[in-house]
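Here's the structure, in structure tokens; my notes come after.
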Amino acid sequence: GFYPNASAIPPDLRRNATENAWNAFLNFTGCHAGMKVDGLYKIKQYFQHFGYIPQTLPGNFSDDFDDILKNAVEMYQRNFKLNITGELDELTLQRVVIPRCGVPDVVNGTSTMLNGGRRRTYEVSFSGTSQRFHAVKR
Amino acid sequence: YSFFPGEPRWPERRRNLTYAFEPQNNLAEEVKSVFSRAFVRWAEVIPLTFRRVESFSTSDISIGFYTGEHGDREPFDGFMGTLAHAFSPPTGHFHLDGAENWIVSGEDGDGFLTERAAVDLESVAVHEIGHLLGLGHSSVQDSIMFPTISTGRRKVDLHSDDVEGVQYLYGSNPNFNGSRTPTPATEQRDTGSGNSG
């Protein structure tokens, strides 16, 4: 639905944010490598959808917190500048459940978020008189 | 900022782009005007123009609201979750999840809407147009190209990170004097090591 402003949304149509399907992931708070938790396969599917787990892997994941998930969590934490714990800690999951764009963050195993989508090096020099910065793309 | 692999962009001969809306959506003029405002934000900083046309099948950029599976094998997931997606140049497909509550007024005052179960349409539109132009996601939280947007949040002003990224692809709009950029980059990038992640 389209609404001119928030107050125009009919009360009976107001659905609170807890209806976000991803909010169920908050139940995984504290999960870490070595654990097995019912439904953990769903968060692996989430990470695969956004590129953190390769598309080449079949989507019938187990509920094990294995190295695949640990690597995905670490890459996610790196991209979103969270503490890299490799665990599904509270701050990480609070970020995971926020609505987002459907375009993957990781393409073919390369993060597009941390300068990974491009490869550039610079030849840097400073002009003594003007103090202007020069950079040459290589 | 980042780019899609291979740094795809609209070619030199296609810098005056057209956009059209899915006819079956029957969008009100007020909704269409939200996208017009979003295109202007990017056009202010790069030498590209965006013109609305009626022909959905021949426009450079096609905009539509859909639910569930809608033909690109990237089904939407209903209320919240994934809000929209767009394709890299020169595909021009821009799809939004029709299951969301979209706020179209563009009014907020302090950057935050009161409704926690609604999404500001212009904020999402500005982000997805960034993808249409060739930008990937950014790890700079205040940038338009950061992947997440909280419900009730309105974020429509290009960050210097967004401006630098899109101007790398297309150069600067001759009329752009830099004053449009509302927020400075807060981090240093390009330290020379190239790839990361």
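Throughout, protein chains are lettered first and strands after them, A, B, ... in sequence-line order, and every chain is numbered starting at 1.
- Using a 4.5 Å cut-off between heavy atoms, B:Phe87 makes no contact with chain A at all.
- The same ILVMFWY cluster, assembled from side-chain heavy atoms under 4.5 Å apart, contains both A:Phe65 and A:Phe25.
- Residue B:Ala86 touches chain A through its backbone alone, counting heavy-atom pairs closer than 4.5 Å.
- At most 12 non-hydrogen atoms from other residues, nucleotides or ligands lie less than 6.0 angstrom from CD of A:Glu90.
- Around CD of B:Gln24, the count of heavy atoms belonging to other residues, nucleotides or ligands within 6.0 Å does not exceed 12.
- The environment of CZ in B:Arg14 is crowded: more than 12 heavy-atom neighbours from other residues, nucleotides or ligands sit within 6.0 Å.
- With a 4.5 Å cut-off on non-hydrogen atoms, B:Phe65 touches chain A through its side chain but not through its backbone.
- Two residues are said to be in side-chain contact when any heavy atoms from C-beta on lie closer than 4.5 Å; B:Ile103 and A:Phe2 fail this criterion.
- In this structure, A:Ile98 CD1 and B:Met80 CE are separated by 11.5 Å, a value rounded to the nearest 0.5 Å.
- Taking the side chain as every heavy atom from C-beta outward, B:His127 and A:Arg100 never approach each other to under 4.5 Å.
- Counting only heavy atoms from C-beta outward, the side chains of A:Tyr3 and B:Val104 never approach each other to under 4.5 Å.
- B:Leu27 is not connected to B:Val53 by any chain of hydrophobic side-chain contacts under 4.5 Å among Ile, Leu, Val, Met, Phe, Trp and Tyr, and they are in different clusters.
- Note that CE of A:Met113 is 15.5 Å distant from OH of B:Tyr1, once rounded to the nearest 0.5 Å.
- Counting non-hydrogen atoms of neighbouring residues, nucleotides and ligands closer than 6.0 angstrom, the CG atom of B:Asp72 exceeds 12 such neighbours.
- Cluster membership for A:Ile84 and A:Met75, using ILVMFWY side-chain heavy atoms within less than 4.5 angstrom, is not shared.
- Residue A:Lys42 places its NZ atom among 12 or fewer non-hydrogen atoms of other residues, nucleotides or ligands, all under 6.0 Å distant.
- Considering NE2 of B:His131 and SG of A:Cys101, their distance stands at 3.5 Å, rounded to 0.5 Å.
- For A:Tyr46, no part sits under 4.5 Å from any heavy atom of chain B, backbone or side chain.
- Contact annotation: the side chain of B:Ser139 never approaches that of A:Asn79 to less than 4.5 Å [non-hydrogen atoms, C-beta and beyond].
- Hydrophobic clustering (ILVMFWY, side-chain heavy atoms < 4.5 Å, transitive): B:Phe76 and B:Leu132 are in distinct clusters.
- Taking the side chain as every heavy atom from C-beta outward, A:Trp22 and B:Asp77 approach each other to under 4.5 Å.
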Before giving the answer on side chain to side chain contact (heavy atoms under 4.5 Å, CB included), spell out for A:Val103 and B:Phe4 the whole-Å C-alpha distance, their side-chain angles and the decisive distance to 0.1 Å. CA-CA 10 Å; A:Val103 174; B:Phe4 292 100; 4.0 Å; yes

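- By the 4.5 Å heavy-atom criterion applied to side chains, B:Thr148 and A:Phe80 are counted as neighbours.
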